[in-house]
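The analysis underlying the following values was restricted to heavy atoms, covering all of them including side chains, and did not include hydrogens, waters or symmetry mates. Keep in mind that what you see is a predicted model, and the values were worked out from it rather than measured.
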2 protein chains.
Amino acid sequence: MRQGTKSKILDAAERLFAERGFADTSLRLITSHAEVNLASVNYHFGSKKELIQAVLMRYLEQFMPLVDKAMQEHIESATPPNLDQVFSSFIDPLLEMNQVKKHGTAMFLLLLGRGYTDSQGHLRKFITHHFGEVLSRFQDAVRLAYPELSDSDIFWRLHFTLGTVVFTMASSTALKEIASADFNEELNTEGLIRKVIPYLAAGVGAPT
Amino acid sequence: MRQGTKSKILDAAERLFAERGFADTSLRLITSHAEVNLASVNYHFGSKKELIQAVLMRYLEQFMPLVDKAMQEHIESATPPNLDQVFSSFIDPLLEMNQVKKHGTAMFLLLLGRGYTDSQGHLRKFITHHFGEVLSRFQDAVRLAYPELSDSDIFWRLHFTLGTVVFTMASSTALKEIASADFNEELNTEGLIRKVIPYLAAGVGAPT
DNA sequence: TTAAAAATAAAACACCTGTTTAAAATCTAC
DNA sequence: GTAGATTTTAAACAGGTGTTTTATTTTTAA
């Protein structure tokens, strides 16, 4: 066989989750698109919940080390970074997801968004459990760039930021269509990322 | 009877939608909480989709005229507004939702968030269809506050803003718990709104 | 009071859900 | 080549979904 059952399931699940969300994507839909037997999902992954985590894990374990490295560099640098630099550190890791797979960047952000907003947010716990240190390293870099900001304000503004990114990606298809019709502006994922960075940096850098 | 069937359904549906999302809330769950017959949902509202719209409509038809009035005042004012003023115009209409019903503000924003991110985004079309003029009046006020910003950038940044608000509210319960545990900071919905306004104004006002 | 309209109720409809079982097929190593 | 483990398959399981039908009750108006 060209491709193992497990990875055929992951590929189909990933596409469908991004398109329709987790709740609206049935295992039967996934397995029919993947052209595998229904029972193989439970055989290989245990449950639907674990399949969702496996789909995201494939991206996270590529993405997080790259972010971590960039934040480390900011922290260990002789001169403290500014917010634009900190946020721009996400651009390369995000675009690297396109190497992993076609439209990987958009898909990763889409999945992340769905994971954070869909029911119960069990993915939030999953992510903070597996990658908590990376997130706190990011927090450290922001603190260096804006030392006057309290820990509480850093916390809140970073979540505002996450919201902006995640929501924008979740609606990006619809938004790109409107922008294309209204402004004759064809934007790809990279263009969108570069549009949002100044917004985020200014927001986090706002006076309190 | 104390309360009509129709409004008992709306109240129960609203609470459950906000807690669990649209897809994860069944009509049977709604009707059992509302203590009405299952069939009464389809009798009074036609379908689940129309029930969702009715739940949001109850808030929107209170909220939108207030926003519209505030934006009109900015537009007709002799001196152009600044971005902080434009965004602060949302505070009162949002808090007014608490008069409509206990925890109304939080619930309204929660529902709005779910509606924008849940499947297919049919609520986005519903809102732009019913309240398109209000949204474009908001756009006009932003243009007055920041004339150098292109229409395309206004469009994108306002959607970034919507993302911030909607995502923050959708995760607000979890976030408030973390903030309470980590920073001994008890934040209510109004406090959260006042925390997010400077962030939004700075983001939209960022240089391009 | 009575006839028409509106609302409620219980039951059935047709279909979809994630998961499990048990048999068959395939692959792996001796 | 054959025994054993791994993987795939079809079928069933137990329960949930939104919606519709039919009958009954309640409300409204003449």
Side-chain angles (χ1 to χ4, degrees), chain A residues 1-58 111 114-115 117-123 125-126, chain B residues 1-58 111 114-115 117-123 125-126:
Chain A
M1 78 209 64
R2 294 206 133 274
Q3 203 186 1
T5 303
K6 215 167 159 176
S7 93
K8 282 203 282 185
I9 293 171
L10 284 172
D11 287 347
E14 166 184 313
R15 224 198 68 215
L16 293 164
F17 284 154
E19 274 173 18
R20 322 157 44 96
F22 300 122
D24 282 353
T25 304
S26 70
L27 295 185
R28 278 168 182 79
L29 190 69
I30 293 169
T31 52
S32 73
H33 274 77
E35 293 176 305
V36 301
N37 187 272
L38 166 64
S40 57
V41 173
N42 292 283
Y43 177 77
H44 284 288
F45 297 96
S47 66
K48 185 182 180 180
K49 195 168 162 177
E50 287 163 285
L51 170 62
I52 294 173
Q53 296 178 349
V55 167
L56 244 160
M57 205 27 136
R58 217 164 41 156
L111 289 169
R114 296 227 177 258
T117 53
D118 270 28
S119 64
Q120 307 144 1
H122 72 262
L123 267 171
K125 285 162 204 149
F126 176 77
Chain B
M1 75 211 65
R2 293 204 134 275
Q3 202 186 2
T5 302
K6 214 168 158 174
S7 93
K8 281 202 285 185
I9 292 172
L10 284 172
D11 287 347
E14 167 185 313
R15 224 197 68 214
L16 292 166
F17 284 154
E19 275 174 15
R20 321 159 42 96
F22 300 123
D24 281 354
T25 304
S26 70
L27 294 185
R28 279 166 182 81
L29 189 68
I30 294 169
T31 52
S32 72
H33 274 76
E35 293 175 307
V36 300
N37 187 271
L38 167 64
S40 56
V41 173
N42 293 284
Y43 177 77
H44 284 288
F45 297 95
S47 66
K48 185 181 180 181
K49 195 168 164 177
E50 285 163 286
L51 170 62
I52 293 173
Q53 296 179 346
V55 167
L56 242 159
M57 204 29 137
R58 214 163 46 154
L111 289 168
R114 295 227 177 259
T117 52
D118 271 27
S119 63
Q120 307 144 359
H122 72 262
L123 266 170
K125 284 164 205 149
F126 176 77

(request) Identify the two heavy atoms, one from B:Ile30 and one from B:Ala12, that lie closest to each other, and give their separation to 0.1 Å. (result) O-CB, 3.8 Å
(message) If I take atom CD in residue A:Glu35 and atom C1' in nucleotide D:dT9, what distance separates them, rounded to the nearest angstrom?
(response) 15 Å
(message) Among residues 39-48 of chain B, which ones have heavy-atom contacts with DNA chain D below 4.0 Å?
(response) B:Ala39, B:Asn42, B:Ser47, B:Lys48
(request) May I ask you to verify if any side-chain N or O of A:Ser26 is less than 4.0 angstrom from the OP1 or OP2 atom of C:dT17? (result) yes
(request) For B:Lys49 and D:dT19, give me the distance from atom NZ to atom C1', rounded to whole Å. (result) 15 Å
(message) So, under a plain 3.5 Å distance rule, would you say the side chain of B:Arg28 forms a donor-acceptor pair with the base of D:dG18?
(response) yes
(request) Tell me what A:Thr31 touches on the nucleic acid: a base, only sugar-phosphate, or nothing, going by heavy atoms under 4.0 Å. (result) nothing
(request) Check B:Lys6 against B:Phe45 and note the closest heavy-atom contact, atom names and distance. (result) CG-CZ, 3.6 Å
(message) Please report the distance, rounded to the nearest Å, between CG in A:Asn37 and P in C:dT19.
(response) 15 Å
(request) Return the 5'-most residue of the pair B:Leu38, B:Lys6 with respect to DNA chain C, ranking by each residue's nearest nucleotide. (result) B:Lys6
(message) Nearest whole Å is fine: how far is C:dA7 C1' from B:Ile9 CD1?
(response) 11 Å
(request) Take atom CZ of A:Arg20 and atom P of C:dC16, then tell me their distance rounded to the nearest Å. (result) 12 Å
(message) Would you say that A:Met57 contacts A:Leu10 through its side chain, given a criterion of any heavy-atom pair below 4.5 Å between the two side chains?
(response) no
(message) Counting only side-chain heavy atoms from C-beta out, which of C:dA9, C:dT17, C:dT19 sits nearest to A:Leu27?
(response) C:dT19
(request) Identify the two heavy atoms, one from B:Leu111 and one from B:Phe22, that lie closest to each other, and give their separation to 0.1 Å. (result) O-CZ, 4.1 Å
(message) With rounding to the nearest 0.5 angstrom, report the CD to NZ distance, A:Gln53 to A:Lys48.
(response) 13.0 Å
(message) Return whichever of B:Leu29 or A:Val36 has its heavy-atom-nearest nucleotide of DNA chain D closer to the 5' end.
(response) A:Val36
(request) Estimate the overall bend of the helix from C:dT1-D:dA30 to C:dC30-D:dG1 from the end axes over five pairs each, rounded to 10 degrees. (result) 10°
(message) Less than 4.5 Å apart, side chain to side chain, heavy atoms only: is that true for A:Leu56 and A:Phe17?
(response) no
Give the table of side-chain donor-acceptor pairs shorter than 3.5 Å for residues 32-44 of chain A, with sequence neighbours excluded, one pair per line with atom names and distance.
unit_1, atom_1, unit_2, atom_2, d
A:Ser32, OG, A:Arg28, O, 3.3
A:Ser32, OG, A:Leu29, O, 3.1
A:His33, ND1, A:Leu29, O, 3.1
A:Asn37, OD1, A:Ala39, N, 2.9
A:Ser40, OG, A:Asn37, O, 2.4

(request) Check the distance between C:dG18's P and A:Ile52's CD1 and give it to me in whole angstrom. (result) 10 Å
